[in-house]
Protein chains: 2
Amino acid sequence: MNEINKKPPGRPRSVQSHAAMLQATLEILGEVGFDAMSIDTIAARAGVGKTTIYRRYASKAELVADAIERVREEIVIPDTGRLESDIDALIQSAAQITLSPLGRQTVAMIISSASSNPEFAKIYWTKYLQPRRQAFAVVLERAKARREIQADLDPGLVFDAMSGIMLYASIFQPNPESWTEYVRRALNLLFKGASSFDAEPR
Amino acid sequence: MNEINKKPPGRPRSVQSHAAMLQATLEILGEVGFDAMSIDTIAARAGVGKTTIYRRYASKAELVADAIERVREEIVIPDTGRLESDIDALIQSAAQITLSPLGRQTVAMIISSASSNPEFAKIYWTKYLQPRRQAFAVVLERAKARREIQADLDPGLVFDAMSGIMLYASIFQPNPESWTEYVRRALNLLFKGASSFDAEPR
DNA sequence: CATTTTCGATACGATACAGTTTCGTAAACT
DNA sequence: AGTTTACGAAACTGTATCGTATCGAAAATG
């Protein structure tokens, strides 16, 4: 009983239409941002009736949240045998997301709605950042085994610091070439450290 | 000749009304964000006619840009004799801006309009970040003189890394108490460095 | 074939906002 | 005084969007 395999009668919902509206949502979100995008525009771009969208989602926020959730690139866990090369690989893969219009608008949405509407930030955190944070921990563990970094290092903290630096650089240094080089310098600073000798912490 | 002291005839523009509309603009911007705010709402909040706003600004963007530009807190240049205490002071003063709704919405505006409309990012950079970047350079120079940090350190890079870390923390850790503590840990990491010994850079 | 549900298209009412104009009044100047 | 400009309030036009409803056609089930 309570089988899920009950096929409901009638015409089934078009998976093509569903995919098309999600794709159009991501495109337009990257182009004009969350507030400026209208359901009508999405429907037109997707070649889909507005009704078809409203049958699936009750609001624009739901639609966008679902669309973003489905963007799940494979997570890169580089293993070059040297931390610095691993980091370089991560910078490259991060650049594609951070510098893309979609990634930019996503971050803007999260920030602007952070107080009023924390759902987006939560989705982004759990679905996107959290897995990468854990993947990065693997990279750092290998570096620890190679004695490249201190054993008591908090991997999450390092990841957050790196993410923050990349985010800041993407906002104020939108040029991709200089971005990569700049991020490399900043991360080098992070790993080398700024103090001239080991100061007593706290 | 060509004196600027020519007083134009007629009733002068009300400085009270002007101040009121700028104040209301900042308030509402922090409350609902740029896109969701309307000129009517601002006028009503300020107790000012819409006409009076449109006489001064041609668009909502101009109004907001001018309002933000006028928020100029005094720049703190701490000098406690010890870098770590100086940094602590900077964290405290940064927290007030970064964690405020207004600061949050400002950053969101910059990010979302970064590609389409770079004016905001430029204003924010030159009017706000740039002076603080230079003020921070003074703090670092003192630390260099005290041999607390390496002499060849790029002050701007350190400032950017710190800013990025704080920005990231404010997005995903909106709780003020934990924010301060978290930022302190991250900055400690930045200054101490992550690598266990001085690896050959590049 | 009949039924059920979805499809895209279109029209619709409601609301919100932008930006302009009008109006009677207020504050400066000559 | 008279002139000039600004003031707040309100009305107004135009446009954009939302969310719903309706339509005939299409795709599935039985």
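All figures in this text were calculated on a predicted structure; none of them were measured in a lab. Note on naming: letters A, B, ... go to the chains in the order of the sequence lines (proteins, then strands), and numbering restarts at 1 for each one.
Between the CG atom of B:D35 and the P atom of C:dC17 there is a distance of 12 Å, given to the nearest Å. Going from atom CZ of B:R45 over to atom P of D:dG8 covers 17 Å, rounded to whole Å. Look at CZ on A:R56: it is 9 Å from C1' on C:dC7, rounded to the nearest Å. When the C1' atom of C:dT22 is taken as reference, atom OH of B:Y54 falls 17 Å away, rounded to whole Å. Rounded to a whole Å, the NZ atom of B:K60 is 15 Å from the P atom of C:dT20. A:I53 places its CD1 atom 14 Å from the P atom of D:dT17, with the value rounded to the nearest Å. We find that CD1 of A:I39 is positioned 16 Å from C1' of C:dT15, with the value rounded to whole Å. Atom C1' of nucleotide C:dA18 and atom CD of B:E62 are separated by 15 Å, given to the nearest angstrom.
The side-chain heavy atoms of B:I87 and B:N188, taken from C-beta on, include no pair separated by under 4.5 Å.
In this structure, A:R13 does not reach the C:dT5 phosphate: none of its side-chain N or O atoms is under 4.0 Å from OP1 or OP2. Within the structure, a side-chain polar atom (N or O) of B:S17 is placed less than 4.0 Å from OP1 or OP2 of D:dG8. Listed pair A:S38 / D:dA16 fails the phosphate criterion, with no side-chain N or O lying under 4.0 Å from OP1 or OP2.
A donor-acceptor contact under 3.5 Å is formed by the side chain of B:T51 with the base of D:dA9. Evaluation of atom-type donor-acceptor distances gives a pair under 3.5 Å for the side chain of A:R11 against the base of C:dT6. At a cut-off of 3.5 angstrom, the base of D:dG19 holds at least one donor-acceptor pair with the side chain of A:K50.
For the pair B:A151 and B:K144, the tightest heavy-atom approach, listed with the atom from each and the gap, is O-NZ, 3.1 Å.
For the pair A:R55 and B:D40, nearest-nucleotide mapping onto DNA chain C gives the more 5' position to A:R55. Between B:H18 and B:G10, the residue anchored closer to the 5' end of DNA chain D is B:G10, taking for each the nucleotide with the nearest heavy atom.
Taking the six-membered ring for Trp and thresholds of 30 and 60 degrees, A:F159 and A:F136 have ring planes inclined between 30 and 60 degrees apart.
With B:Y128 as the aromatic partner, B:R132 meets the cation-pi criteria of under 6.0 angstrom to the ring centre and within 45 degrees of the ring axis.
Taking a cutoff of 4.0 Å between a charged side-chain nitrogen and a carboxylate oxygen, A:D86 and A:R82 do not qualify as a salt bridge.
Across C:dG8, C:dG19, C:dC7, the shortest atom-to-atom separation from the side chain of A:V48 is found for C:dG8.
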